[in-house]
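First the proteins, then the strands, lettered A, B, ... as listed; each starts at 1.
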Number of protein chains: 2
Amino acid sequence: MPDQRTNHDTRDRILDVAERLFMEHGYEATSMRMITGAAEVNLAAVNYHFGSKEALLREVFRRRLSWLNRERLEVLDRLEAQAGGTPLKPSQILEAFFGTLLRMGEDESLGGMTFLRLLGRTLTDPAEFIRHFFAGEYAEVIDRYKRALFRALPDVPQAEIVWRLHFMLGAMSYAIAGTDVLQVVTGCGLSDLAGENGAQGPGDTALARRLAQRLMPFLLGGLRAPLPQLLDPSGNQQESSPKTA
Amino acid sequence: MPDQRTNHDTRDRILDVAERLFMEHGYEATSMRMITGAAEVNLAAVNYHFGSKEALLREVFRRRLSWLNRERLEVLDRLEAQAGGTPLKPSQILEAFFGTLLRMGEDESLGGMTFLRLLGRTLTDPAEFIRHFFAGEYAEVIDRYKRALFRALPDVPQAEIVWRLHFMLGAMSYAIAGTDVLQVVTGCGLSDLAGENGAQGPGDTALARRLAQRLMPFLLGGLRAPLPQLLDPSGNQQESSPKTA
DNA sequence: CACTATTTCAAACGTTCGTTTTAATGTTAG
DNA sequence: CTAACATTAAAACGAACGTTTGAAATAGTG
């Protein structure tokens with residue numbers, strides 16, 4: 001029985017703190033006492049308001065993904081309505097799907113870069129309940145955008161499109177996770193590449209914008225790359241590197 | 001006792017089991033008792049042979065990455081020696097860097113897909129000691145390949161190359177992690193896309209090969225995509241390759 | 001053989017985990 | 001007011017955590 005009149009101050013503070021701590025340390029490495037301590041609420045508050053630690057993580061994502069998925073569907077609906085019956089351009093589809101997400105990084109009320117980083121880091125979490133949750137949350141949106149890409153690229157085998165959608169999701173997920181070894185090796189993170197100071201905070205919104213500027217051409221280039229010549233299973237790939245076998 | 005064990009037998013069995021369990025459940029969600037139980041060794045064996053749980057994870061990676069990094073450097077050395085003083089082709093560099101890794105997935109003695117999945121899932125782990133470890137392991141290889149790409153693409157701003165190397169790492173990392181929501185949503189994983197049975201096992205080596213066939217054109221297309229028009233002065237449109245057959 | 005170093009083993013260490021309990025405190029409507 | 005409900009509070013729960021201990025077993029060497 002959801003009661004909208006209840007006091008949401010404790011609830012929201014828990015969600016905000018959990019979002020940040022789950023991002024910084026991961027789900028397993030974040031304890032209830034870390035969360036309730038940072039949120040300055042009682043230890044039992046999480047179980048009272050959400051039921052369990054797993055349900056807390058789900059709610060942390062649900063309040064962001066419900067907006068994201070709705071927005072993604074609405075943008076696609078709008079594009080397809082404008083196009084009449086003609087297929088959309090791949091660049092439009094990518095902009096709708098990835099641009100909508102990256103725009104969340106510029107809006108603190110939508111979670112900002114904190115949520116984006118959390119999302120990127122959690123998408124590769126092997127925990128069963130997490131993957132099951134994401135599968136349910138993403139099912140409709142993925143299906144709609146997949147079919148839009150099928151229509152946009154009628155000459156490309158659908159299996160190939162699925163592969164490349166998979167790769168594009170990976171490039172984006174990893175990019176927003178912000179844990180790249182490159183950043184530690186080169187001593188400069190995305191923030192420095194974006195020309196801003198490295199400190200997290202308000203500068204993150206600029207980071208999200210520049211990330212989108214850089215990511216979109218890359219994804220489009222990958223999506224429209226020449227198809228690999230399909231060989232019989234016994235035949236091996238083209239050899240442009242020295243033999244290693 | 002079912003069979004006699006030598007000194008290194010315990011060590012190696014712990015490493016093999018830890019590699020699989022860390023992949024399946026993640027570092028934090030894998031307990032020492034799960035590892036020693038599955039390896040059929042005493043609980044204290046891990047601390048005796050490796051010192052700590054963190055040190056065990058480092059050793060799990062070190063025994064694989066030492067081979068991978070050495071191989072990557074040797075392949076690059078060989079390519080640059082063959083090329084004389086001329087710059088390498090981007091496709092050669094990508095094949096050397098990503099192809100070498102993906103070939104590990106075909107060789108069970110190098111860890112196979114189990115290690116590849118573990119690597120992909122761990123690269124986005126926020127734990128401090130993990131990121132510090134990866135930074136040290138990858139420093140030399142990243143630097144060498146980065147500079148090779150700089151020479152191969154002299155007209156592309158170096159910051160742009162770093163961005164795209166970042167995106168390529170992400171696409172590969174996410175792909176080998178094998179946790180994509182697409183797989184759960186569409187009900188078919190990479191194994192099905194590869195035309196093989198979905199069961200993990202020997203079929204995984206075929207998966208690694210087909211993954212490489214699909215991933216390499218995508219990465220090359222992304223790397224050579226038209227540059228985003230920003231405040232960049234020269235050479236913005238270098239090479240467009242939309243040949244969606 | 002005796003001696004030493006290495007490895008295995010069962011048991012326990014102290015700590016932290018997520019969760020539950022029970023009571024106290026606000027809050028709201030009749 | 002008071003009865004009913006919603007929320008917070010302190011304390012404790014049993015279980016599981018990574019690690020350590022000290023003795024027993026094994027292997028290697030002269």
Side-chain angles (χ1 to χ4, degrees), chain A residues 1-61 122 125-130 132-133, chain B residues 1-61 122 125-130 132-133:
Chain A
M1 187 191 73
D3 191 348
Q4 297 296 342
R5 300 168 308 169
T6 55
N7 181 8
H8 280 193
D9 191 41
T10 298
R11 261 187 71 99
D12 289 339
R13 196 155 66 243
I14 290 175
L15 287 174
D16 289 339
V17 167
E19 185 172 64
R20 196 189 81 239
L21 292 182
F22 283 149
M23 179 273 287
E24 290 177 354
H25 308 101
Y27 172 76
E28 291 285 348
T30 304
S31 71
M32 306 279 274
R33 285 165 179 85
M34 290 167 63
I35 297 171
T36 54
E40 294 178 300
V41 301
N42 189 270
L43 172 59
V46 170
N47 286 284
Y48 175 79
H49 284 284
F50 303 97
S52 69
K53 189 187 175 187
E54 289 193 2
L56 169 62
L57 181 71
R58 277 191 290 262
E59 189 55 36
V60 165
F61 276 100
T122 311
D125 195 298
E128 218 288 315
F129 86 94
I130 293 179
H132 179 270
F133 169 76
Chain B
M1 290 304 170
D3 56 352
Q4 178 190 354
R5 305 196 288 259
T6 67
N7 301 345
H8 288 188
D9 196 24
T10 297
R11 260 186 73 100
D12 288 340
R13 190 152 68 242
I14 290 174
L15 287 174
D16 289 339
V17 166
E19 184 174 63
R20 195 189 82 238
L21 292 181
F22 283 149
M23 179 273 287
E24 289 176 355
H25 308 102
Y27 172 76
E28 291 285 349
T30 304
S31 71
M32 305 279 273
R33 285 164 179 84
M34 291 168 63
I35 296 170
T36 55
E40 294 178 299
V41 300
N42 190 269
L43 172 60
V46 170
N47 286 283
Y48 174 78
H49 284 284
F50 303 98
S52 69
K53 189 187 175 186
E54 290 193 1
L56 170 61
L57 181 72
R58 277 191 291 262
E59 190 55 35
V60 164
F61 276 101
T122 312
D125 196 298
E128 218 286 316
F129 85 95
I130 293 180
H132 179 269
F133 169 77

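- Applying the side chain to side chain donor-acceptor pair (under 3.5 Å) rule to A:N42 yields no partners; only residues at least two apart in sequence or on another chain are considered.
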Run the side-chain donor-acceptor check on residues 52-60 of chain B: report pairs under 3.5 Å with partners two or more places apart or on a different chain.
from  : atom 1 : to    : atom 2 : distance (Å)
B:S52 : OG     : B:A55 : N      : 3.2
B:K53 : NZ     : B:Y27 : O      : 3.1
B:K53 : NZ     : B:T30 : O      : 2.7

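- Counting to the nearest Å, the P atom of C:dG18 and the CD1 atom of A:I14 are 14 Å from each other.
- Annotation: ring-ring contact (aromatic ring centres under 6.0 Å, His included) contacts of B:F133 (sequence neighbours excluded): none.
- Distances shown here put a side-chain N or O of A:T10 below 4.0 Å from the OP1 or OP2 atom of D:dT8.
- Scanning all heavy atoms of the two residues, the minimum distance from A:I35 to A:V17 falls at O-CG1, 3.6 Å.
- With sequence neighbours excluded, no residue forms a side-chain contact (heavy atoms from CB on, under 4.5 Å) with A:Y48.
- Note on B:H49: a side-chain N or O is less than 4.0 Å away from OP1 or OP2 of C:dT8.
- When rounded to the nearest whole Å, the span between CD of A:E40 and C1' of D:dA9 equals 15 Å.
- Rounding to whole angstrom units, CZ of residue A:F22 and C1' of C:dG18 are separated by 12 Å.
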#### Entry: Under 4.0 Å protein heavy-atom contact, by nucleotide of nucleotides 17-24 of chain D - B base, S sugar-phosphate only
BBBBB---
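- A search for side-chain contact (heavy atoms from CB on, under 4.5 Å) contacts involving B:A29 returns A:E28, B:H25, not counting sequence neighbours.
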